[in-house]
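Worksheet: the structure to be examined is printed underneath.
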Amino acid sequence: MLNFPHSIRSASFRWQLTATVALGILCLALLSSLATSWRVSGQIHDNQVEQGRHVAENLAKHSVLALLYASPDDVAEVVASTLAYPDVAAVEVRTAQGKLLAAKARPGYPPRKFPAFAPEFGGSQSLLEQETSGEWRFVAPVVAGNPSSSPFEMDEHAAETLGFVRVVQTKAALSRLERDVFAVNLGISLFFALVFIVILGLLTGRLTRPLADLSERMALAELGQPNVRAEVKGPRDISDMAHAFNSMMAALETRKEALRAAHDHLEREEAKFHTVADYAYDWEYWIGPRQEILYISPSCERITGYAPAAFVADPGLLQDIVHPEDRAILDSHLENDAFHNEMEVSFRIVRRDGKIRWIAHGCQPVHGLGGEYLGRRVSDRDITERKLAEEALRANSEALQRSNADLEQFAYSVSHDMRQPLRAVSGHLRLLEKALKGRLGDDDRENMAFALDGAQRMDAMIVSLLEYSRVGRKTESKAWLASREPLDEALGFLAPVIAEAGAAVDVSGEWPQVFASRDELVRLFQNLVGNAVKYHEPERPPRVAVDSAVADGRWRVSVRDHGIGIDPRQIDRLFQFFSRLQSRARFEGTGMGLALCRRIVEHHAGRIWVESAGIGQGSDFVFEMPVRADEECSL
Amino acid sequence: MTGFLRLLRRCAPVAVALAALLADGAASGAPASPPVVARSAANSAHAIAVIYPDIGEPYRSVFTRIIEGVEDTAKSRVVSIPVGMSVNTQDLAAELRRQDIKVVIALGRHGLLAAAGLDRNVGVVAAGVLSVPEAEARATPVFSLSPDPALLFARLKNLLPGTRRVHVVYDPRQSGWLIRLARQAARTYDIELLTYEADDLKTAAVRYRELLASADPRRDAVWLPQDSTTVDETSILPMVLQESWNRGLPVFSSSVSHVKRGALFSLYPDNVELGRNLGNVAQGYLSNGVAGVRGIVPLREVLAAVNVRTASHLGLDLTSRRQNFDLIFPEP
């Protein structure tokens with residue numbers, strides 16, 4: 001691997017391309033010049049040799065007469081003309097016996113003594129006698145006569161060799177030509193190389209301009225300039241790159257925009273989250289798998305007196321501030337529940353100022369999308385006020401229960417105890433009536449009747465009070481039972497009344513299993529259905545519809561009649577003690593029936609109400625209670 | 001003639017290229033590439049063979065034309081046999097016997113060498129050569145390609161009637177027979193023939209320089225014979241032509257190529273006519289058993305060539321005599 005200097009490697013593509021090709025062209029020019037010169041020199045050499053041989057042969061041809069006549073004058077002219085040939089430095093003509101007939105050299109050519117005899121000639125062809133670095137020496141035979149091979153002659157005549165000529169030709173022209181050829185070739189090659197390099201520079205400039213433009217656009221894009229696009233032009237490869245760059249930039253900007261939008265959305269969501277979390281009234285925090293605080297809401301300071309940084313710096317503070325008496329609660333919670341279930345425990349903490357606060361601690365494990373455990377998410381609520389209220393409420397409730405119990409006991413006792421004297425009054429009044437029978441006037445009998453009636457009504461009222469007070473205390477305990485059974489039992493008790501009134505009772509709907517007191521439900525249905533049968537217009541036989549339904553865990557029963565109806569203004573008084581909306585003369589009763597119904601329904605954590613369009617429009621008594629009415633709900 | 005035949009026999013063992021080809025032809029009876037070209041000219045039992053060099057142009061057409069002439073006049077079958085540098089004489093003789101050849105026209109050097117090894121009962125007529133040593137041409141007629149000097153002088157006189165002397169440099173070994181004929185012809189045409197012997201080129205060169213220095217253009221002329229010793233076409237001929245041009249000296253030649261280069265005129269063979277003559281001679285041999293002529297016979301079947309530019313330079317007006325020449329240089 002070639003290691004070029006950094007300056008070359010970091011140069012532009014155009015410069016590198018131009019420099020590389022230029023260097024190659026220059027090398028090629030030099031090599032081609034050398035090769036051409038070498039080749040041409042060889043050809044020139046051969047031509048020079050051939051020319052020298054021709055010169056020698058020409059001289060020999062024109063030396064025949066001189067040798068025939070042994071007359072140097074006959075050859076002087078041709079010798080001079082031979083010396084006029086380029087680079088012919090010396091010539092001489094010798095006889096066959098080696099005698100020098102004529103010799104001449106160019107001025108400046110040093111006197112030389114050549115061999116008297118030439119090499120043996122094979123024919124009339126000239127020979128290269130010797131070649132040195134500076135000259136050639138050619139010899140050619142001087143032949144006379146016609147070498148005959150004519151079929152018209154009997155003898156074949158050999159040509160007669162009269163002598164030979166010698167021509168010395170220097171290599172000055174060859175050297176000069178070699179230099180000239182090399183120089184011209186090199187010059188031409190360099191010229192064309194220069195032209196080509198210039199053209200190459202222009203072409204590479206033209207070729208790389210789109211690339212440079214693209215590079216510039218890329219640099220702008222790298223600097224973050226928005227909406228950078230490259231002009232799609234130039235060679236197809238470059239235009240494809242520009243197109244790809246534009247597509248990439250468009251895609252990047254789209255993604256960047258989407259990323260920005262996502263980031264903004266995330267920031268908004270995070271701000272929202274921080275708003276939700278930081279402004280959480282409760283103390284919220286997230287503790288990681290290594291018990292590090294990943295988040296803690298500022299509200300911790302309000303609740304604990306410690307700033308969030310204190311918990312972040314020392315996560316153990318979470319346990320340290322727990323009241324010593326309640327640490328076992330938290331420890332048990334952490335050991336058993338915190339990593340597996342959503343549980344809530346409450347304990348006390350000791351604030352930084354030493355005050356005690358109640359905390360409702362709820363947490364649940366946090367898992368990532370891959371199911372990995374990421375810690376616990378904890379919500380601590382300051383429930384001190386609620387705890388105090390609960391304590392007060394509990395105390396009040398206990399006091400109320402005690403009071404109610406006392407009151408119920410009192411009412412029972414009073415009712416029970418009051419019936420004895422009342423029965424005595426009533427009994428003695430009957431004895432007195434019986435003793436005075438016939439002796440009393442009408443007014444006295446009427447007064448006596450009033451007294452007896454009053455005593456009986458008093459007793460009925462006392463009985464009603466007793467029943468009322470017995471609800472929840474002296475009645476059958478709650479148990480799971482088929483809700484239809486108490487209705488059927490009540491209808492059985494009411495059968496004579498229903499028959500007497502000519503009433504029709506329709507039962508419909510879904511009757512669930514309910515957790516309730518059986519005799520209380522019997523009493524409830526007995527009162528409601530009995531009222532529906534009792535309160536009707538004399539001319540209209542009562543029709544009663546009892547419907548049951550279950551929804552959302554609550555049992556709802558409607559007892560609807562077509563009776564006398566209720567004035568809506570009187571509805572609020574309907575479920576009060578001894579409240580009567582009708583005269584006793586029209587309808588018998590103590591006014592405790594609906595109060596007792598309300599008492600029974602409330603004992604089952606339900607409620608009862610009446611709906612009526614008004615007088616003569618009939619009534620619809622509805623009660624609703626949970627299917628399972630807890631004992632605790634009863635008062 | 002004995003010496004000539006001895007020479008021929010000495011050369012005969014030299015390889016004859018025809019041997020294998022003749023053997024193949026004899027074996028098959030129908031040579032695929034016939035080395036022996038047989039042409040039936042008559043139903044005569046005897047035939048004439050023409051043995052000629054198997055050589056390329058421009059020589060081949062010369063021999064072909066001669067053969068045409070032979071075939072044109074011979075009444076017997078003419079068998080043409082090209083031969084190469086080496087000939088198996090025995091195979092050639094066997095082929096001649098098979099073809100019932102009684103007379104052979106030997107053309108060119110190769111033809112003469114091949115014919116040298118033949119039996120004595122086969123007659124030989126030599127032709128197609130410039131000359132042979134005189135001593136060896138006494139028994140066999142040799143029809144030379146060198147024009148008859150009488151014809152040359154006649155043409156010279158016709159063109160330059162004022163010519164009184166003719167200079168000629170020659171090698172007696174080659175052209176002695178011709179010079180003798182020339183002397184006789186010179187007397188006929190009232191010409192003084194000045195002859196210069198030269199055994200080598202140097203001597204010839206000196207002789208030419210001397211005669212050119214002394215010649216009188218008004219009455220002298222220079223004759224260039226077909227002599228390879230004295231007429232060197234690279235040195236002597238240019239010098240002679242140059243000098244004669246400078247001095248206005250007429251030069252005529254026995255070679256048509258010299259006319260093209262500047263000689264005034266020359267005579268050259270009419271090959272077809274030469275062939276006809278040879279055919280007649282061979283036919284006579286077949287008829288009479290003798291050739292009828294002996295020794296070297298100069299060429300008399302000639303055509304004429306003239307260089308009109310040289311003629312013009314010499315002041316000759318050939319306008320009305322152009323039809324007398326078969327070749328005119330420079331060619332139009």
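No experiment lies behind these values; they were computed from the predicted model shown. First the proteins, then the strands, lettered A, B, ... as listed; each starts at 1.
Electrostatic pairing of B:Arg207 and B:Glu197 does not count as a salt bridge here, judged by no charged N lying under 4.0 Å from a carboxylate O. Salt-bridge check for A:Arg112 with A:Glu135: passed, with a basic side-chain N closer than 4.0 Å to an acidic carboxylate O.
Between chain A and the residues B:Leu130, B:Thr230, B:Asp200, the largest count of heavy-atom pairs under 4.5 Å involves B:Leu130.
Pairs of residues two or more places apart, or lying in two chains, that qualify as ring-ring contact (aromatic ring centres under 6.0 Å, His included) and include a residue from residues 32-68 of chain A are A:His45-A:Trp136. Applying the ring-ring contact (aromatic ring centres under 6.0 Å, His included) rule to pairs touching residues 87-112 of chain A yields nothing, sequence neighbours excluded.
Residues forming a side chain to side chain donor-acceptor pair (under 3.5 Å) with A:Ser81 (at least two apart in sequence, or on another chain): none.
The shortest side-chain heavy-atom distance between B:Pro53 and B:Val83 does not fall under the 4.5 Å cut-off.
Within residues 269-276 of chain B, no residue has any heavy atom closer than 4.5 Å to a heavy atom of chain A.
Side chains of A:Asp73 and A:Ser71: a donor-acceptor N/O pair is absent below 3.5 angstrom, by distance only.
With a threshold of 4.5 angstrom between heavy atoms, B:Ser144 does not approach chain A through any atom at all.
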